[in-house]
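Take a look at the structure below.
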Amino acid sequence: QVQLVESGGGLVQAGGSLRLSCAASERTFSNYGMGWFRQAPGKERDIVAAIRWRGGSTYYADSVQGRLTISRDNAKNTLYLQMDSLKAEDTDVYYCAATSTYYSSNLRDYDYWGQGTQVTVSS
């Protein structure tokens, strides 16, 4: 099993910034597409952003376009989500995930998941 551990969540004021990180245990991290998802209590888990196995190609949900940026450092086996101009509606648990399809915005294609990190945006 590939283990993924998120960090960097917390409480931030509206308009502020956070950077989430996801550390992977897998030495072949670079062979996996990666994604960030978020979920509120009682709601479905939704795609936030995705990045191709080698980087470069990215996908963003319309609601975060221009505010959140996904990136990866394969040498460090780490995925990032830079979150800027945060809004109260960004308050959710954020999960990183890995897919062996190399690149996907479909939740069902993801094989491995982190435990989640809470992001709370206050106004």
Side-chain angles (χ1 to χ4, degrees):
Q1 292 286 323
V2 175
Q3 293 187 331
L4 304 172
V5 180
E6 301 97 334
S7 62
L11 176 65
V12 65
Q13 192 167 285
S17 298
L18 287 172
R19 189 179 76 158
L20 306 185
S21 298
C22 174
S25 63
E26 175 59 51
R27 65 176 180 84
T28 59
F29 172 77
S30 62
N31 290 337
Y32 292 86
M34 299 294 295
W36 287 100
F37 297 78
R38 63 186 181 184
Q39 185 173 28
K43 297 184 179 180
E44 294 184 346
R45 189 171 299 184
D46 293 323
I47 183 74
V48 175
I51 188 166
R52 185 176 168 85
W53 63 310
R54 294 180 178 177
S57 297
T58 56
Y59 167 87
Y60 295 97
D62 290 343
S63 60
V64 305
Q65 185 75 242
R67 299 188 298 113
L68 276 59
T69 304
I70 189 171
S71 63
R72 65 191 298 163
D73 186 338
N74 288 345
K76 296 181 178 180
N77 287 0
T78 303
L79 177 75
Y80 303 98
L81 184 67
Q82 179 65 45
M83 309 171 73
D84 298 318
S85 301
L86 284 164
K87 305 174 180 179
E89 49 263 46
D90 294 319
T91 296
D92 276 312
V93 177
Y94 285 72
Y95 300 86
C96 68
T99 174
S100 58
T101 66
Y102 303 112
Y103 182 53
S104 178
S105 60
N106 190 334
L107 179 146
R108 288 172 290 183
D109 287 333
Y110 284 80
D111 306 296
Y112 306 102
W113 295 84
Q115 83 287 351
T117 186
Q118 177 71 48
V119 171
T120 302
V121 184
S122 64
S123 59

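Remember, predicted model here, so these are calculated numbers, not experimental data.
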Nearest non-hydrogen partners of [X] and [Y], listed with the distance:
| X | Y | value |
| --- | --- | --- |
| G35 | I70 | CA-CD1, 4.4 Å |
| L4 | A24 | CD2-CB, 3.6 Å |
| A50 | I47 | CB-CD1, 4.4 Å |
| A98 | M34 | CB-SD, 3.5 Å |

**Request:** Just jot down the salt bridge (Lys or Arg N to Asp or Glu O under 4.0 Å) partners of R45, sequence neighbours excluded, or say none.
**Result:** none
**Item:** By side-chain hydrogen bond (donor to acceptor under 3.5 Å, both in side chains) - contacts of S105 (at least two apart)
**Value:** none
**Asked** Among all residues two or more places apart in sequence or in another chain, which pass the side-chain hydrogen bond (donor to acceptor under 3.5 Å, both in side chains) test with S21?
**Response** none
**Asked** Below 4.5 Å, heavy atoms only, C-beta onward: do S122 and L11 meet side chain to side chain?
**Response** yes
**Asked** Taking C-beta and beyond as the side chain, do Y94 and E6 meet within less than 4.5 Å on heavy atoms?
**Response** no
**Asked** What pairs meet the ring-ring contact (aromatic ring centres under 6.0 Å, His included) rule with one or both residues in residues 23-44, with sequence neighbours excluded?
**Response** F37-Y110, F37-W113
**Asked** Just how far is it from atom OG1 of T99 to atom CG of N31, taken to the nearest 0.5 Å?
**Response** 12.0 Å
**Asked** How long is the span from the OH atom in Y59 to the CD1 atom in I51, to the nearest 0.5 Å?
**Response** 15.0 Å
**Asked** If you link I, L, V, M, F, W and Y whenever their side-chain heavy atoms are under 4.5 Å apart, who else ends up in the same group as Y102?
**Response** W53
Among residues two or more places apart or on two chains, list those pairs meeting salt bridge (charged side-chain N to carboxylate O under 4.0 Å, His left out) that have a residue in [range].
| range | result |
| --- | --- |
| residues 49-62 | none |
| residues 90-111 | R38-D90, R38-D92, R67-D90 |
| residues 93-103 | none |

**Request:** Any disulfide bond (SG atoms under 2.5 Å apart) involving residues 46-123? Give me the pairs, sequence neighbours left out, ordered by first then second residue.
**Result:** C22-C96
**Message:** If you count every heavy atom of other residues, nucleotides or ligands that lies below 6.0 Å from Q13 atom CD, does the total exceed 12?
**Reply:** no
**Prompt:** Which residues pass the side chain to side chain contact (heavy atoms under 4.5 Å, CB included) test with Q118, sequence neighbours left out?
**Reply:** T91, V93, T120
**Fill in**
Sequence neighbours excluded, the answer for side chain to side chain contact (heavy atoms under 4.5 Å, CB included) partners of A61 is S63, V64
Review item, side-chain donor-acceptor pairs of residues 77-89, under 3.5 Å, at least two apart:
unit_1	atom_1	unit_2	atom_2	d
N77	ND2	E26	O	3.0
T78	OG1	K76	O	2.8
Q82	NE2	D84	OD1	3.0
D84	OD1	S17	OG	2.8

